[in-house]
Structure formats: C-alpha cells, structure tokens
Amino acid sequence: MSELAISLKDVRKSFGRTEIIRGVNLDIPRGQRHAMIGPNGAGKTTMFNLISGRFPVTSGTIALNGRATDGLAPQEINRLGLSRSFQITSIFPRMTVFENIRCGLLWARGYRYSFWHLLGGQRALNEEADQLLERLNLHTRRNVMAGLLSYAEQRALEIGITVAGGANVILLDEPTAGMSHSETDYAVALIRSVTEGKTLLMVEHDMSVVFGLADVITVLVYGEIIASGPPAEIRASKAVQEAYLGTEAA
Amino acid sequence: MTTQSLPRENVAANGGTDLMRRVLPWVIAVAVMLLVPWLFYNWNTGRHSGFVLTMMSEIGLMAIFALSFNMQMGQTGLLSFGHAILFGLGGYCTAHALNGVKAGTFWWPSELIPLIGGFGGLAFGIAFGWVATKQRATAFAMITMGLGELVAACALMFMGFFGGEGGISTDRVTNTSIFKLVYDLFGLDYRSLGINYSTPWQVYCLVVAWAVIATLLMRLQTQTPLGRIANATRDNFERVQFVGYDPARVRFYQFALSGFFAGIAGGLYCLVYEIITFDTVAAAKSATALLAAYIGGAGGFFGPILGTILVVLLQSGVSLLSNAWLLYVGVLFIVMVMYAPGGIIGIIAQHIPIVRIGRMSELIVPYIRVLLPGVLLVFGFVLLVELTSFTTIGAAQGKHFKIGIYVVDPNTFLPWTLGAAALVLGVVWLRLESRVFRRKWDALIEDAKAKGAML
C-alpha cells in the first residue's frame with residue numbers, strides 16, 4: 001500500500017470551454033489533516049467532486065491509497081475507503097437520526113442489498129450506530145426525523161454519516177459554514193475526534209478552524225495551487241496574502 | 001414507523017407486551033376479514049353473499065397490489081404509471097399454469113397457485129426493471145408509462161399468451177389441494193372435507209391467507225437493509241452513493257421485488273375471477289393502485305390498504321348507485337392531493353400529538369361544525385352531478401332518478417336550484433367554519449409543541 005492517501009497528477013477539469021481546474025498536483029500522506037483554502041470560485045468544491053468521483057476528470061490522474069480511481073463510480077470510490085460530506089447539508093431528511101447513521105454503516109458492515117436480514121435484530125450494528133450517536137452528542141435526538149433537526153445538528157449528523165462506515169480518507173466540504181462561534185468550536189472538536197488517525201481533507205473558509213485543525217494547508221486560486229505547506233509557512237507567504245488572506249484581513 | 005429496535009433494556013422489560021402490541025393488530029385484522037362476510041350471510045338459504053365475498057376478495061388482492069405499488073412509490077420514490085403490467089402478467093402466468101395443472105401437464109398445489117403469479121411478476125419485474133430503473137424521477141415515470149402501453153398493446157396482438165380481447169379463461173378447481181395430499185397420505189376420504197376452492201368463500205379464505213402473508217413479508221422487507229436504503233435513495237439518491245450504494249441497483253431490486261408481490265395479487269385475481277383479460281395490464285389498473293396509494297397515504301406502510309378499501313367500496317358499492325362513481329373517485333383524489341397530501345394515514349398521524357397531550361376531545365365540536373357545511377357541500381355537488389348524469393347517460397338507459405321513493409325529474413327547475421344553492425352555501429359556510437377550526441387546531445398544535453409531544 002502506498003504511503004499517500006490521495007495523489008493528484010496534473011488534474012484538469014473543464015466545463016464546456018471553461019477550465020476550472022488547471023493542472024493540480026497534490027500529494028496527501030496518510031494520517032495528515034489537510035485543508036484547502038482559496039477565494040470563492042477557486043475550484044475547491046470541484047476538486048472535491050473530482051476526488052470523490054462525482055465528476056470525471058478531463059485529464060490527469062487521481063489515486064486513492066495508491067490505486068487510480070479514473071472511471072470509477074462514486075460508490076466504488078467510497079468502497080475503497082473514501083467518504084465525503086457536502087457543502088449544502090446532505091442527509092436523509094425523512095428518516096430518523098438513528099436510521100441516518102445506520103445507513104452510513106450498512107455497506108461497510110457487509111449488509112449490501114440484503115433483504116433477508118431484519119435490522120431490528122442486528123445487535124452489533126445497532127449498538128455501533130448508537131455509540132456513534134453518543135459521540136456526535138445526538139443520542140437524545142435519536143428517533144427524531146433528521147429533517148427536523150437544527151442546522152448545526154444536521155451538520156453534525158452529516159459528519160456522522162460520513163465517518164460511520166470507517167473510511168480512512170475523509171473529505172469535509174465547509175463543515176462549519178453558517179455556524180455560530182460556539183457551534184464552530186464544538187464542530188472542530190468533533191471533527192478532531194472522529195477523524196483521529198485518518199486522512200482528512202477539508203475545504204473551509206473560517207481561518208481559525210483551518211489554522212486550528214490543519215497540519216498542511218493548500219491554497220487554490222483560479223484552479224491552480226499557489227502554495228502548499230504548514231500553517232506557519234502559509235501565513236507568512238506573500239503570494240497567499242496577496243491572493244487571499246490579504247483581502248480577508250482588509 | 002414505530003417498529004424499529006428499541007433500546008435493549010426496554011425490550012427486556014416489555015418483551016411480552018411489546019410482542020402483543022405487534023401481533024395484536026394483525027390478529028384483529030384477520031378476525032375482521034373472516035367475520036365481516038358472516039354479517040351478510042343468508043341464514044335462510046345457507047349461502048354467503050356473492051357480492052360481498054367478491055368485493056372483499058377484490059379488497060384483499062388489490063391491497064396487495066397497492067402495497068406493492070407503494071414499495072416503489074412511497075418507499076423508493078419511484079412513481080410508476082405502468083405498475084399493472086406486473087399484476088396482469090402475473091395473472092396471465094397463473095391462468096396458463098392453472099390450465100396446465102387442470103390438463104395434467106404438471107402438478108402444483110392449489111394453495112400455492114398465487115406463487116406462480118408471484119414468480120411471473122418477479123421475472124417480468126426483473127426484465128422491465130432492468131430497463132426502467134436505470135433512470136429515476138420523471139424519466140422513470142415516462143419509461144413505465146411506455147412499458148405499460150407496450151404490454152397493453154401486446155396483449156391484443158399476441159393471441160397465444162394473452163388470448164386477445166377474450167382473455168384467458170380458466171378453472172380454479174384443480175383438485176390439487178395440499179389438504180388432499182395430507183388426507184390421501186392418511187388414507188382418509190378427502191371429499192368429506194370439501195375443500196376444492198369451488199365456492200367463493202373458500203377462495204376468499206385463500207385470498208385472506210395470501211393477503212396476510214404478502215403484507216407481512218412486505219412489512220418485514222421495509223426493515224431490511226435494502227428496504228432502508230430504498231428510503232434513503234428516495235430521500236437523497238446522491239448521498240446514498242457516498243455511503244457505498246448504487247442507487248440504480250437499489251431501485252432495480254426494489255422494482256423486481258415489488259413485481260413479485262404484484263404478481264401474487266394478479267394470481268389471486270385469476271383465482272377469484274377465473275378469467276384474465278387485457279384490462280388487467282391496462283393503464284386504468286395502474287391508476288387504481290396509484291389512487292389507492294395516494295388516497296390512503298403513500299407515506300405510511302398501511303396507507304395503501306386504507307386507500308384500497310375506500311376505492312374498492314366506491315368501485316363496487318357506489319357504482320351500483322351511480323353512473324358517476326368514477327367522477328367521485330377522481331374528485332376525492334384531487335381533494336386529497338390538494339388538502340391532505342399525506343392521505344388518510346397522514347390525517348390520522350397529524351392527530352397523534354393532540355391525542356398525546358390528551359386534548360382530542362376539544363376537537364369534537366369544531367369537527368361537527370365543519371362537518372355540517374361539508375355534508376351540505378357534498379350533497380349539493382352530488383345532486384348536481386347526478387342530475388347531469390341523469391339528463392345524459394341515465395336518460396339513455398331509461399332510468400329514473402330516485403331518492404328513496406321520491407322521483408326527481410331532472411327536467412324541472414327546482415332540483416337544480418336546490419343543488420346549486422346547497423353547493424354555494426356549503427362552500428361559503430365551510431370557509432368560515434374552517435377558519436374557526438384552523439385557529440383551534442393551531443392552538444392545540446402549539447400546545448403539543450410546547451409540551452414536546454410532536455416528535
């Protein structure tokens with residue numbers, strides 16, 4: 001197995017004539033917490049969609065744990081150990097919180113498309129889902145329809161669905177967007193705990209979150225990486241300040 | 001639904017009562033199904049009412065059909081306009097199998113005949129599902145509509161399998177009952193038992209047995225990994241991919257399984273009527289399942305059963321009284337979709353929080369107050385519809401419009417005025433009363449929210 005969780009080689013993506021991702025090379029070693037930042041429209045979410053298989057790349061290769069993923073469907077990439085969340089909350093609104101989490105577990109625990117197991121009797125599975133609910137601090141909301149949860153709770157639930165299956169590479173797209181300060185603090189602690197020992201790639205706008213969580217930060221501007229390195233280095237970089245941080249600070 | 005696993009200590013403490021709570025409704029349902037025909041039993045002639053038994057058999061088999069439709073609609077979010085092809089083709093398979101058994105080509109127990117319909121439905125479900133489930137939403141609906149038209153057209157073209165307009169007639173008395181097998185084994189006289197499914201009552205019992213088995217299996221299927229992931233696919237097909245599932249596969253399996261149950265319903269239809277014609281695969285049959293599921297409520301598992309009971313009662317009962325029964329079904333459907341998209345089961349569910357806080361009795365008076373103008377409105381509407389129908393179809397059939405012994409002449413001014421007045425007054429009055437009702441309702445729901453009874 002490769003030491004690299006994610007490896008991008010000259011990845012390009014065009015929509016029509018517009019090239020959104022313009023030749024990205026990026027290696028993320030196993031176990032790293034990696035943040036991708038950049039101004040709006042830089043192509044961060046597009047990068048996520050390429051890595052997770054939601055869109056095919058126009059050219060270049062993406063490898064997950066050393067295995068090329070071109071041509072694989074999102075579910076096949078997921079089965080190789082990559083899981084993601086979405087910028088706009090993506091849960092199962094008409095199912096209970098507990099069932100949401102359990103859905104995240106089913107494939108990973110080998111249930112596949114079974115119509116001969118009764119879920120009520122799958123003790124180990126249900127206990128695992130309940131334990132995760134407790135870690136997410138959602139156990140008091142266990143039997144509530146997920147669509148009725150508060151925004152912050154829904155975000156926490158989505159992180160739960162994302163990590164439930166035990167994927168070793170986790171992609172989180174703006175996990176704290178739209179949260180209050182206290183909610184953000186809570187979310188950061190949650191992300192830190194549930195991604196322990198895993199590779200994390202996140203897109204985030206909140207700089208306190210980015211500098212608090214990330215081992216390495218990559219700055220994406222107009223579909224190109226302009227800098228990549230430890231937080232201190234990124235903070236000091238002139239190019240980054242001009243392209244991105246400068247405008248935030250001003 | 002309430003049947004997902006409870007925390008363990010709960011189950012341990014309430015194991016017995018919990019089991020009772022789960023089993024009791026089923027026992028009651030079976031008891032009701034088996035007892036109701038006796039209310040119409042003619043003790044003088046010693047015969048069951050053929051009309052009632054046929055109607056209840058129809059309810060039983062159509063309930064299976066509507067539930068199988070809802071495996072796609074309510075559970076997986078797949079709106080099919082051609083679900084009857086699985087029902088009808090299952091029925092055709094059954095008819096041919098019955099004829100084969102009758103002719104001695106092969107042996108198959110009478111009790112398991114509907115299973116042949118099920119396997120037929122499953123086979124066609126796999127074939128059609130393979131085509132239709134590659135798509136979802138509108139595209140899926142369009143494909144199923146096309147498949148429905150295709151099969152309906154085939155039914156009139158391929159005489160060998162479908163028998164053309166005359167359909168395939170058959171004889172359900174095959175004398176291959178499992179009871180016969182058992183009696184023969186012990187050297188007893190089988191004829192003394194008299195079970196050969198020649199009477200409507202015996203067939204009805206078979207329908208009840210299969211309705212219970214099929215409903216139970218479909219109910220259990222909702223609690224399997226596939227059943228739950230089908231719900232998830234309905235809610236958010238994209239998210240499902242990122243937990244490892246292929247939504248097209250989920251749709252496919254769900255479609256094929258629903259074909260199995262639709263086929264069982266078709267097999268029972270074949271046994272009840274001993275004939276299967278092309279209208280069992282036609283669009284109108286598909287629409288019946290859709291109407292039943294929507295009117296009853298696609299959101300809850302048991303909704304389609306309630307819808308089926310209502311639709312079949314309208315179909316069999318009201319059709320005897322009125323030429324315009326289909327219009328009433330249509331209006332009911334529109335009213336439900338507009339004002340109660342959750343169907344009957346949705347209306348019931350909305351009351352649960354109010355029952356929880358123990359204030360249901362406060363709704364009795366407001367309900368009576370909306371019921372009065374409601375009755376007036378319906379009366380006016382029905383009167384106008386019937387008057388119209390009697391000036392057209394009714395006149396052609398030479399029928400007279402009677403209310404009790406009073407004969408209404410549709411060519412006079414009075415009944416039309418009365419109908420119009422009742423309708424207009426009913427609408428205006430209902431609007432006023434419904435505001436009062438709304439206020440009371442909102443207050444109760446507020447209270448339920450405050451007391452945390454909403455869930």
Side-chain angles (χ1 to χ4, degrees), chain A residues 52-54 73-80 82-86 89-96 98-123 125-127 129-130 139 142-148 158 161-162 164-165 167 171, chain B residues 1-8 10-11 18 22 71 74-77 216-254 256-258 260-261 298-300 342 349 449 452 454-455:
Chain A
S52 64
R54 199 177 179 204
Q75 64 270 17
E76 292 168 316
I77 295 176
N78 175 265
R79 292 170 203 164
L80 292 175
L82 179 143
S83 191
R84 68 166 291 182
S85 73
F86 289 80
T89 313
S90 184
I91 53 172
F92 307 117
R94 286 165 64 195
M95 301 173 79
T96 66
F98 173 76
E99 280 169 352
N100 267 265
I101 293 295
R102 197 166 59 180
C103 279
L105 274 166
L106 284 176
W107 188 277
R109 295 298 165 268
Y111 287 95
R112 300 173 65 96
Y113 301 99
S114 156
F115 50 88
W116 50 88
H117 289 95
L118 281 178
L119 285 169
Q122 309 303 312
R123 195 157 277 179
L125 177 78
N126 294 330
E127 257 167 34
D130 274 323
H139 54 287
R142 184 184 193 271
N143 298 323
V144 178
M145 286 287 152
L148 300 177
E158 183 169 9
I161 298 171
T162 307
L171 271 57
Chain B
M1 293 274 109
T2 49
T3 43
Q4 25 117 328
S5 67
L6 296 154
R8 242 188 316 144
N10 248 342
V11 175
D18 192 53
R22 283 192 200 182
M71 280 179 77
Q75 251 192 292
T76 324
L216 192 65
L217 286 177
M218 282 188 267
R219 175 78 178 144
L220 290 175
Q221 198 271 339
T222 63
Q223 295 161 28
T224 63
L226 179 65
R228 286 300 182 213
I229 284 293
N231 294 162
T233 308
R234 167 201 70 197
D235 278 11
N236 190 343
F237 75 98
E238 193 145 48
R239 194 73 182 86
V240 164
Q241 294 186 289
F242 296 97
V243 295
Y245 282 88
D246 180 353
R249 283 266 206 117
V250 175
R251 291 193 293 267
F252 172 69
Y253 290 132
Q254 198 73 14
L257 285 179
S258 105
F260 176 70
F261 292 107
K449 268 186 193 156
M454 287 302 281
L455 202 73

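Everything quoted here is computed from the prediction, not taken from an experiment. In what follows, every chain begins at residue 1, and chains take the letters A, B, ... in the order their sequences are listed.
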Output the distance between atom CZ (A/Arg94) and atom CZ (B/Arg234), rounded to the nearest 0.5 Å.
4.0 Å
Heavy-atom distance under 4.5 Å between the side chains of B/Asp246 and A/Tyr113, does that happen here?
yes
Any heavy-atom pair between the side chains of A/Thr162 and B/Arg239 that's under 4.5 Å?
yes
Report yes if some heavy atom in the side chain of A/Tyr111 is under 4.5 Å from a heavy atom in the side chain of B/Ile229; otherwise report no.
no
Heavy-atom pairs under 4.5 Å with chain B are the metric here; pick the option from A/Leu125, A/Leu106, A/Asn100 that has the most.
A/Leu106
Part of A/Glu158 within contact of chain B (heavy atom distance under 4.5 Å)
both
In terms of heavy-atom contacts, B/Leu220 and A/Leu118 come closest through O-CD2, 3.5 Å
Gap between atom CD of B/Gln223 and atom CD of A/Gln122 - 0.5 Å precision
12.0 Å
Looking at A/Ser83, A/Pro93, A/Gly104, which has the largest count of heavy-atom pairs under 4.5 Å with chain B?
A/Pro93
Would the number of heavy atoms belonging to other residues, nucleotides or ligands and lying under 6.0 Å from CZ of A/Arg79 be above 12?
yes
Write down the atom of A/Ser114, the atom of B/Pro225, and the distance for their closest heavy-atom approach.
O-CD, 3.4 Å
For chain B, the option from A/Leu105, A/Ile77, A/Leu82, A/Asn78 that forms the most heavy-atom pairs under 4.5 Å:
A/Asn78
Quick one: closest heavy-atom pair of B/Val240 and A/Phe92, and the distance?
CG2-CE2, 3.8 Å
Mind checking whether A/Ile161 and B/Val243 have side chains closer than 4.5 Å, heavy atoms only?
yes
Rounded to the nearest 0.5 Å, what separates atom CZ in B/Arg249 from atom CZ in A/Arg112?
7.0 Å
Chain A heavy atoms under 4.5 Å from B/Phe242: which part of the residue, side chain, backbone, both or neither?
both
A/Arg54/B/Gln241 under side-chain contact (heavy atoms from CB on, under 4.5 Å): CA gap, chis, key distance, verdict
CA-CA 9 Å; A/Arg54 199 177 179 204; B/Gln241 294 186 289; 5.9 Å; no
Interchain contact, A/Ile91 with chain B, by part (heavy-atom threshold 4.5 Å):
backbone
